[in-house]
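Okay, so here's the structure we're looking at.
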Amino acid sequence: QVQLVESGGGLVQSGGSLRLSCAFSEFTLDYYAIAWFRQAPGKEREGVSCISSADGSTRYSDSVKGRFTISADNAKNTVFLQMNSLKPEDTAVYYCATDPSQYYCPNYGPGEDDEYDYWGQGTQVTVSS
């Protein structure tokens, strides 16, 4: 069973940066697609970014494109989300998620939450104005 553990959240001022980490247990095969989602209080969970180890492709939501960068260190079984130029509206709990049967990110973006079966516990990101 795949396990995902997020870390790296915290409190940062507007314009600042944070790097989130998602440590994952090994997949049965060496391919995976891992996505980052976020959920702000009173709002639906939103797909932020996705990375595929099968073809190296990445996806971003329009709200974070140009500010966030997703990457992976397969030797450390970790996916990162570098978040720059943070805004108060980026405040949310951030989750990483995966579906071991899927090796590619959706063509249209990070995907919807019902496309992923395994989730981490989340890490809080708070951006002050």
Side-chain angles (χ1 to χ4, degrees):
Q1 182 172 345
V2 177
Q3 293 184 328
L4 305 166
V5 179
E6 304 94 337
S7 62
L11 173 64
V12 64
Q13 289 187 333
S14 181
S17 298
L18 281 175
R19 188 176 80 157
L20 305 183
S21 299
C22 172
F24 57 89
S25 57
E26 290 187 4
F27 290 84
T28 301
L29 300 177
D30 290 337
Y31 299 129
Y32 61 81
I34 290 179
W36 284 97
F37 284 77
R38 66 185 182 186
Q39 188 166 23
K43 294 189 176 181
E44 294 186 354
R45 195 152 47 185
E46 171 194 17
V48 172
S49 187
C50 179
I51 187 167
S52 166
S53 70
D55 62 3
S57 62
T58 58
R59 304 284 187 268
Y60 298 94
S61 66
D62 289 341
S63 60
V64 307
K65 197 172 295 182
R67 299 188 298 124
F68 290 12
T69 302
I70 192 169
S71 63
D73 184 338
N74 292 324
K76 296 182 178 180
N77 285 0
T78 303
V79 168
F80 302 100
L81 185 68
Q82 178 67 43
M83 307 186 296
N84 298 330
S85 302
L86 284 163
K87 306 174 182 179
E89 51 263 45
D90 294 318
T91 295
V93 178
Y94 283 71
Y95 302 88
C96 56
T98 191
D99 175 353
S101 68
Q102 301 297 323
Y103 308 140
Y104 299 95
C105 299
N107 288 330
Y108 63 89
E112 301 295 328
D113 55 6
D114 60 3
E115 297 181 72
Y116 297 92
D117 295 334
Y118 292 91
W119 294 79
Q121 81 290 349
T123 186
Q124 176 71 47
V125 171
T126 303
V127 184
S128 63
S129 57

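Here the structure is a predicted model, which is why all the values come from computation and not from measurement.
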Residue from Gln39, Gln124, Arg38 passing side chain to side chain donor-acceptor pair (under 3.5 Å) with Tyr94: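 Exactly one pass, corresponding to Arg38.
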Any link between Ile70 and Val2 through a network of hydrophobic side chains (Ile, Leu, Val, Met, Phe, Trp, Tyr) touching at under 4.5 Å?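 Yes, same cluster.
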Gap between atom [atom2] of [Y] and atom [atom1] of [X] - 0.5 Å precision:
X: Phe80; Y: Thr69; atom1: CZ; atom2: OG1; value: 13.0 Å
X: Asp117; Y: Gln102; atom1: CG; atom2: CD; value: 8.5 Å
X: Asp99; Y: Ile34; atom1: CG; atom2: CD1; value: 11.5 Å
X: Cys22; Y: Trp36; atom1: SG; atom2: CH2; value: 5.0 Å
X: Ile51; Y: Thr98; atom1: CD1; atom2: OG1; value: 11.5 Å
X: Tyr31; Y: Asp55; atom1: OH; atom2: CG; value: 10.0 Å

Looking only at atom types and distance, does a side-chain atom of [X] sit under 3.5 Å from a main-chain N or O of [Y], one as donor and one as acceptor?
X: Thr91; Y: Val127; value: yes
X: Tyr116; Y: Cys96; value: no
X: Arg59; Y: Cys50; value: no
X: Ser52; Y: Ala33; value: no
X: Ser25; Y: Gln3; value: yes
X: Glu6; Y: Gly122; value: yes

Taking all non-hydrogen atoms of both residues, which atom of [X] and which atom of [Y] are closest, and how far apart?
X: Ser129; Y: Pro88; value: CB-CG, 3.8 Å
X: Ser49; Y: Leu81; value: CB-CD1, 4.1 Å
X: Ser85; Y: Ser17; value: N-OG, 4.4 Å
X: Glu115; Y: Pro106; value: OE1-CG, 3.8 Å

Show, in sequence, the C-alpha distance, side-chain angles and deciding distance for Trp119 and Phe37, and conclude whether the ring-ring contact (aromatic ring centres under 6.0 Å, His included) test is met. CA-CA 10 Å; Trp119 294 79; Phe37 284 77; 5.0 Å; yes
Exercise: do Glu46 and Ser63 side chains pair donor with acceptor under 3.5 Å: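 The criterion, which ignores hydrogens and geometry beyond distance, is satisfied for Ser63 and Glu46.
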Exercise: do Tyr32 and Asn74 side chains pair donor with acceptor under 3.5 Å: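 Judged by distance alone, the side chains do pair up.
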Do Val125 and Met83 have side chains that get closer than 4.5 Å, going by heavy atoms?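 A side-chain contact under 4.5 Å exists here.
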Side chains of Leu20 and Tyr95 in contact at under 4.5 Å (non-hydrogen atoms):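 The answer is no, as the side chains (C-beta and beyond) never meet within the 4.5 Å cut-off.
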Short N-O contact, Lys65 and Asp62, less than 4.0 angstrom: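 Salt bridge between Lys65 and Asp62, a charged N being under 4.0 Å from a carboxylate O: yes.
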May I have the step-by-step check of ring-ring contact (aromatic ring centres under 6.0 Å, His included) for Phe24 and Tyr118, ending in yes or no? CA-CA 10 Å; Phe24 57 89; Tyr118 292 91; over 10 Å; no
